[in-house]
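Single-structure report; data block below.
None of the values given here were measured: they were computed from a predicted structure. Residues take their numbers from the sequence shown, with the count starting at 1.
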Amino acid sequence: MELSIGTPPQKIYVKIASAIFVVVYEPTKQKLLKFFPEHFSAVAHFAAGAIGGAVSSLIRVPTEVVKQRMQTGQFRSAPAAVSLIIANEGFKGLYAVCVA
């Protein structure tokens, strides 16, 4: 079994998720820096990072689930994986985390 199955699309989606993180993080950080006193700037950075991470996970987690299931041989293509996961497990199946 080849572990690189699903890797090229995964690389694309990781870049998209990273871009989404930056697009959310920067404006959120700027707004929070105005809200918090200067000595609490670390809280603004932390909160902006948490919010950016949560939003980017909306893209990153489903692509990771599809990649992992393709690597285990459950599916031959990403579109088939997405269709069957949604059909069998519902939309929440795309956010299921594999536990070893």
Side-chain angles (χ1 to χ4, degrees):
M1 171 175 33
E2 187 177 333
L3 291 179
S4 64
I5 294 173
T7 301
Q10 179 70 8
K11 288 180 182 178
I12 293 168
Y13 291 122
V14 166
K15 289 178 183 179
I16 292 170
S18 296
I20 290 171
F21 173 85
V22 172
V23 166
V24 171
Y25 172 79
E26 285 298 327
T28 303
K29 178 185 74 175
Q30 293 304 318
K31 287 181 183 179
L32 291 174
L33 285 171
K34 291 177 184 174
F35 178 75
F36 287 107
E38 188 175 328
H39 61 281
F40 284 116
S41 65
V43 175
H45 287 268
F46 176 80
I51 293 166
V55 172
S56 69
S57 290
L58 295 173
I59 298 292
R60 192 169 292 162
V61 171
T63 59
E64 186 65 24
V65 168
V66 169
K67 181 193 74 152
Q68 288 177 1
R69 293 193 185 187
M70 288 178 65
Q71 287 176 336
T72 61
Q74 295 178 36
F75 304 104
R76 292 195 178 273
S77 72
V82 171
S83 297
L84 289 170
I85 290 170
I86 291 173
N88 295 331
E89 302 172 40
F91 191 72
K92 68 180 181 178
L94 291 172
Y95 291 91
V97 178
C98 296
V99 179

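- Two residues are said to be in side-chain contact when any heavy atoms from C-beta on lie closer than 4.5 Å; V65 and R69 meet this criterion.
- Under the 4.5 Å side-chain heavy-atom criterion for grouping Ile, Leu, Val, Met, Phe, Trp and Tyr, I86 is connected to L84 within one hydrophobic cluster.
- Connection of L58 to L94 is established within a shared hydrophobic cluster, with ILVMFWY side chains joined at heavy-atom distances below 4.5 Å, either directly or through further cluster members.
- To the nearest 0.5 Å, atom CD of residue Q68 and atom CD of residue Q71 are 7.0 Å apart.
- L33 places a side-chain heavy atom less than 4.5 Å from the side chain of H45.
- Of all heavy-atom pairs spanning A44 and F36, the tightest one is CB-CD1, 3.9 Å.
- Considering CG of L32 and CD1 of I51, their distance stands at 6.0 Å, rounded to 0.5 Å.
- Hydrophobic clustering keeps I16 apart from F21 (ILVMFWY residues linked when any side-chain heavy atoms are closer than 4.5 Å, directly or through intermediates).
- When all heavy atoms are compared, the tightest approach of A17 to R60 is CB-NH2, 3.6 Å.
- Atoms OG and CD1, from S18 and I59 in turn, are 11.5 Å apart once rounded to the nearest 0.5 Å.
- Under the 4.5 Å side-chain contact rule for hydrophobic residues, Y25 and V61 do not share a cluster.
- Scored by the ring pair (Phe, Tyr, Trp, His ring centres under 6.0 Å) test, F46 finds no partners at all (sequence neighbours excluded).
- Taking every heavy atom of both residues into account, P62 and S57 meet most closely at CD-O, 3.8 Å.
- V24 and V43 fall into different hydrophobic clusters, where Ile, Leu, Val, Met, Phe, Trp and Tyr are joined by side-chain heavy atoms under 4.5 Å apart, directly or via other members.
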